[in-house]
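Structure first, commentary second.
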Amino acid sequence: MKNHRAQQDDLDVYVWEGRSDIAERVARALAALNVDVIRADAIAVSSDMLQARTSIAVISVTVIERPSFNARDWQARHGMPVIWVAAESRGNDPSVYPPEYSNILTPDFTPAELRALVFKLAGVVRESTRPAPAADPLIASSACMQLFLAEVDAFADCDSNVLIRGETGTGKERVARLLHERHRRYGRGPFVAVNCGAIPDGLFESHFFGHAKGAFTGAAFAHKGYFEQAHEGTLFLDEIGDLPLYQQVKLLRVLEQNMVTRLGSTNEIPVNFRLVAATNRPLRDLVRQELFRADLYYRLAVIELMVPSLEERGAIDKIAIFKAFLGQILPDQDVDVPDWLATMIAQTRFTGNIRELRNIAERVGITVRQFRAWDRARIGRIFSSLEDRADRMTPASERNPQDIAERNRIVVALDANGWRRQDTASFLGISRKVLWEKMRKYQIVGQEAEVAGEFD
């Protein structure tokens, strides 16, 4: 067994042992690798010592038969992956092994099985410690996007909750991160992003409120929920419209009291975070249908921001965003998009917004890289493969620069006036009938325009 060394690239395997032969077998299996195997139950391993380590991964191989394993809480706090060496009859029981620690080896494990699992978990740890990739380029050449970002800046440093609305793929999470990064106080804390539509049924309380040690079978450690994780930072709830009513009540209670109680505990824990929610659904419609609580809606929508769609942003942003994505795919090339391709991009409606445009840019970039040319026929087929190609062609009127500017001005005015047509018409100095005709001309439709009449 190697001596304990502090090398930057070493991989450490800490063994809390309940059976006398496990550590030796682990050491033999990993002998040919650059790995330290440390008998953590045979030496005084303090939290301070472990926190001071510079190694890229710390993996604990443990036997479940050992009745007292007080390293669990430390492992949970510091995200240590765990390999359980356990009886085969209990090896796949999720009530005994929490899902995040479900890396099971039977007592008769082979060296190859152990090495494969160590490599897998080491890769996970290395990936988690890499710097976050650069955010997608934020292009704001269009007038409507510049106005929108000015609005984001105006509200970024206030403490009020924010509701971000917009079509799928417009970059609502990116806007939420901008609000977080530009806040003097909350920007120093964590940014915790949660997709409300992805919370497993029945696990809302555990995910959001956390749980105390021993709260239920398999709760071998205390766990902070999303509310606590976001303390002094920003909690971003994406797809807030997908949150069921009974969960909405619990969210509202936390927003009103700024306190949470973990499952299995009676202690109230104060929390302080800024809530930013996002949706592509008409929440006011859902309120009328009693599918979303009105009191929660008004709590969320203290500030409302409407992200412009890619179509509203116009050709100037479409082309600029496409070039930026293409530059990521072809970093070693001078990206000079041919005029015929720029025209094709400008005239195409990307119903999936920036997300779809990125997909197209990636496909075009791969084609250019593989064939080392702007192959018009092949690239044309990529655009032709889009469903409803005819419906995606931007009308000629919208390709006129003056019409594009007017359309963007109307959309911004509608958003500024809550999509109330009478107020928007007065704001623009035109009649409601003229506004309606212009909305029809420029095909300004969608969830906001469709329900606006009920709020006039």
Atom [atom1] of residue position [X] - does it have more than 12 heavy atoms of other residues, nucleotides or ligands inside 6.0 Å?
X    : atom1 : result
E362 : CD    : no
E290 : CD    : no
R369 : CZ    : yes

Does a side-chain heavy-atom distance below 4.5 Å link [X] with [Y]?
X    : Y    : answer
V271 : L235 : no
L245 : Q248 : yes
R313 : I321 : yes
I354 : F325 : yes
R165 : R281 : no
L275 : T234 : no
L114 : V26  : yes
K318 : E311 : yes

Supply the atom-to-atom distance [X] [atom1] to [Y] [atom2], rounded to the nearest 0.5 angstrom.
X    : Y    : atom1 : atom2 : result
F350 : N359 : CZ    : CG    : 10.0 Å
L178 : E173 : CG    : CD    : 11.0 Å
L296 : I240 : CG    : CD1   : 6.0 Å
E312 : F148 : CD    : CZ    : 11.0 Å
C196 : H207 : SG    : NE2   : 12.0 Å
L326 : I319 : CG    : CD1   : 12.5 Å

Contact summary for [X] and [Y], nearest pair of heavy atoms:
X    : Y    : value
I139 : A324 : CD1-CB, 4.4 Å
R274 : V162 : NH2-CG2, 3.5 Å
A277 : L300 : CB-CD2, 4.2 Å
E304 : E151 : O-OE2, 4.3 Å
L435 : R421 : CD2-O, 3.3 Å
A140 : D317 : C-OD1, 4.1 Å

Note to self: Would you call the rings of F227 and F208 parallel, tilted or perpendicular, taking 30° and 60° as the class edges?
What the structure shows: tilted
Next item on the list: Determine the interplanar angle of the F236 and F191 rings, folded into 0 to 90°, and report it as parallel if under 30°, tilted if 30 to 60°, perpendicular if over 60°.
Entry: parallel
Sub-3.5 Å donor-acceptor pair from the side chain of [X] to the main-chain atoms of [Y], do we have one?
X    : Y    : answer
H180 : G189 : yes
Q146 : S141 : yes
S265 : R262 : no
N161 : R299 : yes
Q422 : R432 : no

Note to self: One pair to check against side-chain contact (heavy atoms from CB on, under 4.5 Å): I199 and V194. What are the steps and the verdict?
What the structure shows: CA-CA 8 Å; I199 302 298; V194 182; 3.9 Å; yes
Check: Which is it for Q328 and R358 under the side-chain contact (heavy atoms from CB on, under 4.5 Å) test, yes or no, and what are the steps along the way?
Finding: CA-CA 10 Å; Q328 296 177 357; R358 179 173 191 162; 3.6 Å; yes
Margin query: Under the side-chain hydrogen bond (donor to acceptor under 3.5 Å, both in side chains) test against T168, which residue among N280, N353, T351 passes?
Written below: N280
Next item on the list: Compute the centroid of each ring, for F292 and then for Y297, and state whether the two points are separated by less than 6.0 Å.
Entry: no
Check: Salt-bridged, R182 to D157, with N to O below 4.0 Å?
Finding: no
